[in-house]
Amino acid sequence: MTELEAGRAETLAPVRSGAALQRYRDVLIALVAFAVLASLPLFTGSKAPLDFVIRCSAYGLFATSLNLLVGYTGLTSFGHGMFFGLGAYGFGLIMQKLGVPIPVAFIATLAITAVIAAIIGAICVRLKEIYFAFVTLAFQMLIHSTILSWASFTGGDQGLRGGIPRPVFLGIDLANHVHLYVASCALLILGLLAMRQIAQSPFGYTLRMIRDNAARASFLGIDVWRAKLTVFVLAALFASMGGMVMALFVSGAYPEFAYWTISGEGIFINMLGGVSTFLGPMVGTVLLLLLNDTVTRFTEYHGIVLGVVILFFALGLRKGLLDFVADWFAHRRETGEGR
């Protein structure tokens, strides 16, 4: 047994060292990306690029969290936008009603989101495929209706008005546009890094196994329901972070943040960027926001243009842009090795 255990340890050692190297590389890339983004205000005096990056941070966190469900677990959620709305409304209401420090409100919002996601997920993840998708949509419409009907608390269809208090903490003043920009970039990078570690962990590969064949995973002893519930809650937390970034950006929260169209945009973003590569949703986020900002300048029929773009990716490329690029490079590499 000692010899077998020693042999097993020798076999696993390269795998563990490779995983550690990958983790250090991801951290290094994250630090470089944050340094690049944080230096942007030094090179521009305009607020427009900074606003664009803040919006990319909010929607990028939301779309990448959705890909944890769609791309890695095979759970297509039509109601993931409810957690984006919960993050925005939860954070805004806590700041307005309680006046606590921003980090406390941030953590409290995540805790509330986790509880609600655990309750909803415990029901939804037992269902399969189309039933899961539509039940999540039903829960989103329930939360959206609650926001509209509870006008005395949420502001109803007018949204959460009056601004969100932004007391200074640790020398950070989120009322300052540059401070808000840097904080948004930090949340984006930290969120992406955390999701990357989840995707590359043994738990992430368990999710891939469930996606490919849930029955086989169950036969191998994996608690499929628990794994699905765990990733459902984790995805909700990161979506909630995106909602909080958006609430700080607009200094409020609106019913549209919890409407079904937000979930539709999340799926559209994943279609644009791709679900097979980790950064696909971020690429899709940038593409969608650029399309919206560009097309709306020239025509009011931006919905038609976006529909044509969807058809191009769905029928032409049959995959997201980054998926297409990754497959093209893989094909070129195989062709080169074959020669």
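Remember, predicted model here, so these are calculated numbers, not experimental data. Along the sequence shown, residues are numbered consecutively beginning with 1.
Legend: ring pair (Phe, Tyr, Trp, His ring centres under 6.0 Å) pairs involving residues 175-231, not counting sequence neighbours: none detected. Listed by first then second residue, pairs satisfying side-chain hydrogen bond (donor to acceptor under 3.5 Å, both in side chains) with a partner in residues 231-250 read Thr113-Ser240, not counting sequence neighbours.
Panel note: side chain Asn213, backbone Arg216; a donor-acceptor pair is recorded below 3.5 Å. Judged by distance alone, with hydrogens and angles left aside, the side-chain atoms of Arg166 form no donor-acceptor pair with the main-chain N or O of Asp173 at under 3.5 Å.
Residues that satisfy the side-chain hydrogen bond (donor to acceptor under 3.5 Å, both in side chains) test with Arg226, not counting sequence neighbours, are absent from this structure. Residues passing the side-chain hydrogen bond (donor to acceptor under 3.5 Å, both in side chains) test with Thr277 are Asp323, sequence neighbours excluded. For Thr109, there are no side-chain hydrogen bond (donor to acceptor under 3.5 Å, both in side chains) partners, not counting sequence neighbours. With sequence neighbours excluded, the residues forming a salt bridge (charged side-chain N to carboxylate O under 4.0 Å, His left out) with Asp26 are Arg196, listed by chain and number. By the salt bridge (charged side-chain N to carboxylate O under 4.0 Å, His left out) test, Arg55 pairs with Asp293, sequence neighbours left out. Residues satisfying the side-chain hydrogen bond (donor to acceptor under 3.5 Å, both in side chains) criterion with Thr73, sequence neighbours excluded, are absent altogether.
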Expected list for residues 266-273: side-chain donor-acceptor pairs under 3.5 angstrom, two or more places apart:
residue: Asn270; atom: ND2; partner: Ala63; partner atom: O; Å: 3.4
residue: Asn270; atom: ND2; partner: Gly266; partner atom: O; Å: 2.8

In a table with atom names and distances, give each donor-acceptor pair under 3.5 Å that connects a side chain of residues 251-262 to protein atoms at least two apart or in another chain.
residue: Ser251; atom: OG; partner: Ile164; partner atom: N; Å: 3.1

Show me the donor-acceptor pairs within less than 3.5 Å that the side chains of residues 77-90 make with the rest of the protein, sequence neighbours left out.
residue: Ser77; atom: OG; partner: Gly79; partner atom: N; Å: 3.3
residue: Ser77; atom: OG; partner: His80; partner atom: N; Å: 3.2
residue: His80; atom: NE2; partner: Ser65; partner atom: OG; Å: 3.0

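Rounded to the nearest 0.5 angstrom, Leu180 CG and Asn176 CG are separated by 8.5 Å.
Linking ILVMFWY residues whenever their side-chain heavy atoms come closer than 4.5 Å, directly or via other members, leaves Ile107 and Leu187 in distinct clusters. Linking Ile, Leu, Val, Met, Phe, Trp and Tyr residues whenever their side-chain heavy atoms come within less than 4.5 Å places Leu289 and Leu279 in a single cluster.
When all heavy atoms are compared, the tightest approach of Ala183 to Leu174 is CB-CD2, 3.7 Å. Between Phe132 and Leu127 the shortest heavy-atom distance is N-CB, 3.8 Å.
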Would Tyr72 and Ile198 count as a side chain to side chain contact (heavy atoms under 4.5 Å, CB included) here? Give the steps.
CA-CA 10 Å; Tyr72 289 94; Ile198 292 171; over 6 Å; no
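In summary, of the residues considered (Leu69, Asn67, Thr76, Leu66), a side chain to side chain contact (heavy atoms under 4.5 Å, CB included) with Val275 occurs for Asn67 alone.
Cluster partners of Ile119, using a side-chain heavy-atom cutoff of under 4.5 Å among ILVMFWY residues and allowing indirect links, are Val115.
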